[in-house]
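See structure below.
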There are 2 protein chains.
Amino acid sequence: MDVTSQTLNLYQRVRADILSLELMPGERVTERGLESIFGASRTPARAALMRLETEGLVQRDGRGWIISPIDISEIRALAELREAVETAAIRLSIGRASDADIESLTELLESDHPAFDEEESVRAGGDFHVELAQLSGNKFLIEAVRNAMTRLERTRWLEVRTPEAREKAWQEHWQILEMVRLRNADAATTLCAEHIKGTNERLIDFLVSQRRRFKGNGLSIINNVETI
Amino acid sequence: MDVTSQTLNLYQRVRADILSLELMPGERVTERGLESIFGASRTPARAALMRLETEGLVQRDGRGWIISPIDISEIRALAELREAVETAAIRLSIGRASDADIESLTELLESDHPAFDEEESVRAGGDFHVELAQLSGNKFLIEAVRNAMTRLERTRWLEVRTPEAREKAWQEHWQILEMVRLRNADAATTLCAEHIKGTNERLIDFLVSQRRRFKGNGLSIINNVETI
DNA sequence: TATACCATAGTGGTATACCAATAAATCCAC
DNA sequence: GTGGATTTATTGGTATACCACTATGGTATA
């Protein structure tokens, strides 16, 4: 485990290791295993697992626990959820967000423009959607977006494999925000929906094409191809 | 506590007592209090509180716990979330649900028609929206609806105080489902959005008018009137 | 009388021992 | 050697003891 900072509690450390794929999807985890690995007792280990379960990062496997496999049907469902809540958030934002708030987010986005660093780009791309939703002022919409982005975080780096893909995503973010700034709800929501769908399709295609590499290696890293 | 069935675990019993308002909104609860009241140890009591926290039924108050107050601004935000996810679920359902599934839900709704019993009506009304969302086949949309209905459950009985209100709600449910059956997405989503908004407005109006009854009695039962 | 201090009781946080269930491994009979 | 029964190790579930912290109420002093 490379996350060993003393300032992070057990939950935060396990979560970071899941999101960084050091704890592999499908891998079995035990409460006593976390206890010894992270140097705490079972009580915080159990609390961490229960919390991570609500975030969809771990799940029950019989009586035990596993790191949630990456599930292609879940990814498609998350895209549908995101389209619903993010477009709703945009419509509310256009009626509610102040010019200053929009301007502030624009500056934040532009400060991230030369995001040719991959890891930085993953973070910035995920944060943008949450911050865009924040303009709506609706905590449930914000939480829904944040939750979806968490569940997608382990695959999101696949969306930004190339500098071209990163630039394309940044441009789409900028265009959405520009339409919000102009208070054009229809244009903003359409752009956002297309952005989510397009990104999702490219991600699914990549996962399906790569899936056979993992197939039968003993770990169920990528699940449920279904009828893609 | 009137919920003492041996078949329910501590989490289920505490949850039932919260939803039935036997544990009052704003009331302070302690882990050792639950331990003695429900005859279990602190470990399941803590687990229950953590789970109920993610459902929004309890929340932290400093280092302690309180039963979540009924928050009017939250109720409005939940209506916005519901409009987004329930209309999205309907659009997906129209493309995906089988005639048989829709017929099955119609029969279920019609079997509840003479729902002049108040408690039964609360249950049926909440279940309908979840079951309607089920037609979408998207587990995240379903879960979002279920979660919203849970958070609203303590106030939902206020929406069905009179037989007329219950009949009105039932009729609106039936009309939405009829438009789904006819695969008319625009009509179904419009009716659903209006149903959610109308129900919500009547609920908020009632809560605001009743709020002063609770004001200053030592318990913060209803919070955050804001700019209604 | 008012205020500052201190003792105390009660809180959540943690560590750990014990339990029942289960799955794996081993051993014995055939 | 093989199959079945039995033992054993390991799991999550639970109860509980201990800790640090905090809020509260009483008391002593200015």
Side-chain angles (χ1 to χ4, degrees), chain A residues 1 3-18 22-69 216-220, chain B residues 1 3-18 22-69 216-220:
Chain A
M1 304 300 148
V3 176
T4 52
S5 165
Q6 301 296 330
T7 64
L8 297 180
N9 61 27
L10 189 142
Y11 157 74
Q12 293 169 316
R13 291 160 69 192
V14 176
R15 187 177 190 275
D17 280 359
I18 293 173
E22 288 191 52
L23 289 171
M24 287 287 283
E27 183 175 343
R28 187 168 175 79
V29 287
T30 65
E31 298 175 0
R32 287 177 174 86
L34 296 183
E35 179 181 29
S36 58
I37 291 171
F38 293 96
S41 76
R42 276 183 69 202
T43 309
R46 284 178 61 81
L49 287 169
M50 287 189 283
R51 191 165 168 190
L52 291 166
E53 184 184 24
T54 68
E55 296 184 90
L57 297 181
V58 306
Q59 57 189 239
R60 309 308 291 240
D61 175 44
R63 294 188 10 265
W65 302 91
I66 57 170
I67 307 297
S68 292
N217 67 351
L219 290 179
S220 329
Chain B
M1 306 298 148
V3 177
T4 52
S5 166
Q6 301 296 331
T7 65
L8 297 180
N9 62 26
L10 189 142
Y11 158 74
Q12 293 169 318
R13 291 160 69 193
V14 176
R15 187 175 189 275
D17 280 358
I18 293 173
E22 286 189 54
L23 288 171
M24 288 286 284
E27 184 175 341
R28 187 168 178 76
V29 287
T30 65
E31 298 175 0
R32 287 177 175 86
L34 296 182
E35 179 181 28
S36 58
I37 291 172
F38 294 96
S41 76
R42 277 184 69 202
T43 308
R46 284 177 62 81
L49 287 169
M50 286 190 282
R51 188 164 168 191
L52 291 165
E53 185 184 23
T54 69
E55 296 184 89
L57 297 182
V58 306
Q59 55 189 242
R60 311 306 292 239
D61 175 45
R63 295 190 7 263
W65 302 92
I66 58 171
I67 307 297
S68 292
N217 67 350
L219 291 180
S220 327

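Order of the sequence lines sets the chain letters (A, B, ...), proteins ahead of strands, with each chain counted from 1. Below, each value reflects all heavy atoms present in this structure, side chains not excepted, and no hydrogens, waters or symmetry copies.
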So, Ser41(B) and Glu35(B): side-chain donor and acceptor under 3.5 Å apart, yes or no?
no
Both Arg63(B) and Ser41(A) contact DNA chain C. Which one's nearest nucleotide lies toward the 5' end?
Arg63(B)
Length of the line joining Leu34(A):CG and dT10(D):C1', which is rounded to integer Å
15 Å
CZ of Arg46(A) versus P of dG12(D): gap in Å, rounded?
8 Å
Check if the side chain of Arg60(A) and the base of dG12(D) share a donor-acceptor pair of N or O atoms closer than 3.5 Å.
no
Span of DNA chain C in contact with chain B (heavy atoms, under 4.0 Å):
dT11(C) to dT14(C)
Can you tell me the distance, in whole Å, between the CZ atom of Arg42(B) and the P atom of dC19(D)?
14 Å
Checking all strands, does Ala40(A) fall into the base, sugar-phosphate, or nothing category for heavy-atom contacts under 4.0 angstrom?
sugar-phosphate
Beyond-backbone contact of Trp65(A) with Arg60(A), side-chain heavy atoms, under 4.5 angstrom:
yes
Under 4.0 Å, counting only non-hydrogen atoms across every strand here, what does Thr30(A) touch: a base, just sugar-phosphate, or nothing?
sugar-phosphate
Using C1' atoms of five pairs at each end, report the bend of the helix from dT1(C)-dA30(D) to dC30(C)-dG1(D) rounded to 10 degrees.
20°
Heavy-atom distance under 4.5 Å between the side chains of Ile66(B) and Glu27(B), does that happen here?
no
Less than 4.0 angstrom from a charged side-chain N to a carboxylate O is my criterion; do Arg42(A) and Glu31(A) meet it?
yes
With the side chain counted from C-beta on, respond yes when Leu34(A) and Leu49(A) share a heavy-atom pair under 4.5 Å apart, and no when they do not.
yes
What are the two closest non-hydrogen atoms of Ile67(A) and Met24(A), and how far apart are they?
CB-O, 3.2 Å
Donor-acceptor pair, Asp61(B) side chain versus Gly64(B) backbone, under 3.5 Å?
no
Would you say the side chain of Arg51(A) lies within less than 4.5 Å of the side chain of Arg15(A), judging by non-hydrogen atoms?
no
